[in-house]
Number of protein chains: 2
Amino acid sequence: MSLNIDQIIKKSQEACVLAGVKLTTKRKNVLIVLLSSIRPLSAYEIFERYKDQFNESLPVMSIYRMLDFLIREKFVHKLETANQYIACAHITCDHQHETPQFLICDNCHVVKEVGIKRNIMAKLEQSIQSTGFTLSHQQLELHGICEHCQNKPK
Amino acid sequence: MSLNIDQIIKKSQEACVLAGVKLTTKRKNVLIVLLSSIRPLSAYEIFERYKDQFNESLPVMSIYRMLDFLIREKFVHKLETANQYIACAHITCDHQHETPQFLICDNCHVVKEVGIKRNIMAKLEQSIQSTGFTLSHQQLELHGICEHCQNKPK
DNA sequence: ATATGTTATGTTACAACATAACATTTATAG
DNA sequence: CTATAAATGTTATGTTGTAACATAACATAT
């Protein structure tokens, strides 16, 4: 477990104490699996890696429940367009977050989490609210090709 | 089949002739199923409704292939966040379309297809391109509560 | 009219993603 | 220490989607 991951876990522990919820060992380990991956993972991939990394086999059903918990506590995002899960890039930040926006490379499947500039999001919201619609779960998922894959010859 | 659907099908037929592809009876019927629904439908729901509406049972596999065709020809959109399909709201329009944006009501599951204002989309793209990422399949899916459901008491 | 190629559709089997329902274990408050 | 709530395990099943291969329908050339 890299130093960086250590720090993120520590921060998550603290956040859980504040929220009055428990980051159990297994929940923590699922988060570590996600933090260890450069790509988002499906629940079944997490299942496989958990086995490898911790030498213990969790039921997939439990993985889903732990993911629910981690999503509820905002340590993990679900990419709805890919049916995959990814650790939040901002667990260690203290400030209020911008609307998360995921740039998903359809070639190498790397995902970059960036914030949407507040003024752009505000305009988007404004144009949406004029239709009478109220947003919830704000999150944008955009598909394309990352810089690295563009510069690489096929 | 309502008059309106009739007109849309006619327009689709013409577009297929222009594109040199065939809108077969079954493909057309799948499109009619979607046009007849106020909500997006999953492939399996289309399967059920096709049976009801046309008194004929298509294999689900064929439904998927017909959906592929209809999406390729831009008569249908896939909502990636819901794994559902919906007829394009603009089949009968002649003008170049804006980036489609779907407002999905998480309460009644109605979907409204609106265009994103070009200047907002341009800014969004610009902020994305500054990260080196190149967009493809442009489409936004936003979840929330529609006007109707907001005004209704729970 | 027959052969051949091409596109569309059918069939079977299965992979991948996800949840329901209920049982058991573990943590902790009284 | 025990009642109870939370977490996790177990089993079964539902939902979405694709792979691989077969057949049907139609067009075109001879």
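Each chain gets a letter, A, B and so on, in the order the sequences are listed, and its residues count up from 1.
- In this structure, A/Tyr64 places its OH atom 17 Å from P of D/dT8, rounding to the nearest Å.
- Within the 6.0 Å centre-distance limit, the rings of B/Phe102 and B/His77 are counted as a close aromatic pair.
- Taking the nucleotide of DNA chain D with the nearest heavy atom to each of A/Thr24 and B/Asn83, the more 5' of the two is matched to A/Thr24.
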Please tabulate, one pair per line, each protein N/O and nucleotide N/O from nucleotides 23-27 of chain D that are separated by under 3.5 Å, including the distance.
none

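- By the neighbour-count criterion of 12 heavy atoms within 6.0 Å, atom NZ of A/Lys10 is sparsely surrounded, having that number or fewer from other residues, nucleotides or ligands.
- In this structure, the CZ atom of A/Phe47 is 16 Å from the P atom of D/dT8, given to the nearest Å.
- Within a 6.0 Å sphere centred on NZ of A/Lys11, other residues, nucleotides and ligands contribute more than 12 heavy atoms.
- Pairs engaging residues 55-76 of chain A under the salt bridge (charged side-chain N to carboxylate O under 4.0 Å, His left out) rule: A/Lys26-A/Glu56 [sequence neighbours left out].
- Side-chain contact between B/Cys88 and B/Ile91: present, with at least one pair of heavy atoms (C-beta onward) separated by less than 4.5 Å.
- Listed for the B/Gln101 side chain is no donor-acceptor partner under 3.5 Å among the backbone atoms of B/Leu140.
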Considering only nitrogen or oxygen atoms on both sides, find all protein atoms under 3.5 Å from nucleotides 9-14 of chain D and state each distance.
residue: D/dG9; atom: OP1; partner: A/Lys26; partner atom: NZ; Å: 2.7
residue: D/dG9; atom: OP2; partner: A/Ser62; partner atom: OG; Å: 2.9
residue: D/dG9; atom: N7; partner: A/Arg65; partner atom: NH2; Å: 2.4
residue: D/dG9; atom: O6; partner: A/Arg65; partner atom: NH1; Å: 2.9
residue: D/dG9; atom: O6; partner: A/Arg65; partner atom: NH2; Å: 3.4

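- If you take CD of B/Glu45 and P of D/dT16, they are 7 Å apart, rounded to a whole angstrom.
- As a whole-Å value, the separation of A/Asp68 CG from D/dA7 C1' is 13 Å.
- A/Tyr44 contributes no side-chain N or O that forms a donor-acceptor pair with the base of C/dA15 under 3.5 Å.
- Within the 4.0 angstrom heavy-atom criterion, only backbone atoms of the sugar-phosphate kind lie near A/Tyr85; the bases stay farther away.
- Distance, A/Phe54 CZ to D/dT8 P: 14 Å, rounded to whole Å.
- The CZ-C1' distance, from A/Arg27 to D/dA7, rounds to 6 Å in whole Å.
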task: Given side-chain hydrogen bond (donor to acceptor under 3.5 Å, both in side chains), test B/Glu141 with B/Thr81 step by step and report yes or no.
output: CA-CA 7 Å; B/Glu141 299 179 26; B/Thr81 58; 2.5 Å; yes

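- Residue-environment remark: CG (B/Leu18) exceeds the threshold of 12 foreign heavy atoms within 6.0 Å.
- Here D/dT8 presents its P atom at 11 Å from CG of A/Asn29, a figure rounded to the nearest Å.
- Between the side chains of A/Gln129 and A/Thr134, no donor N or O sits under 3.5 Å from an acceptor N or O.
- If you measure from atom CD of B/Glu80 to atom P of D/dT16, you get 14 Å, rounded to the nearest angstrom.
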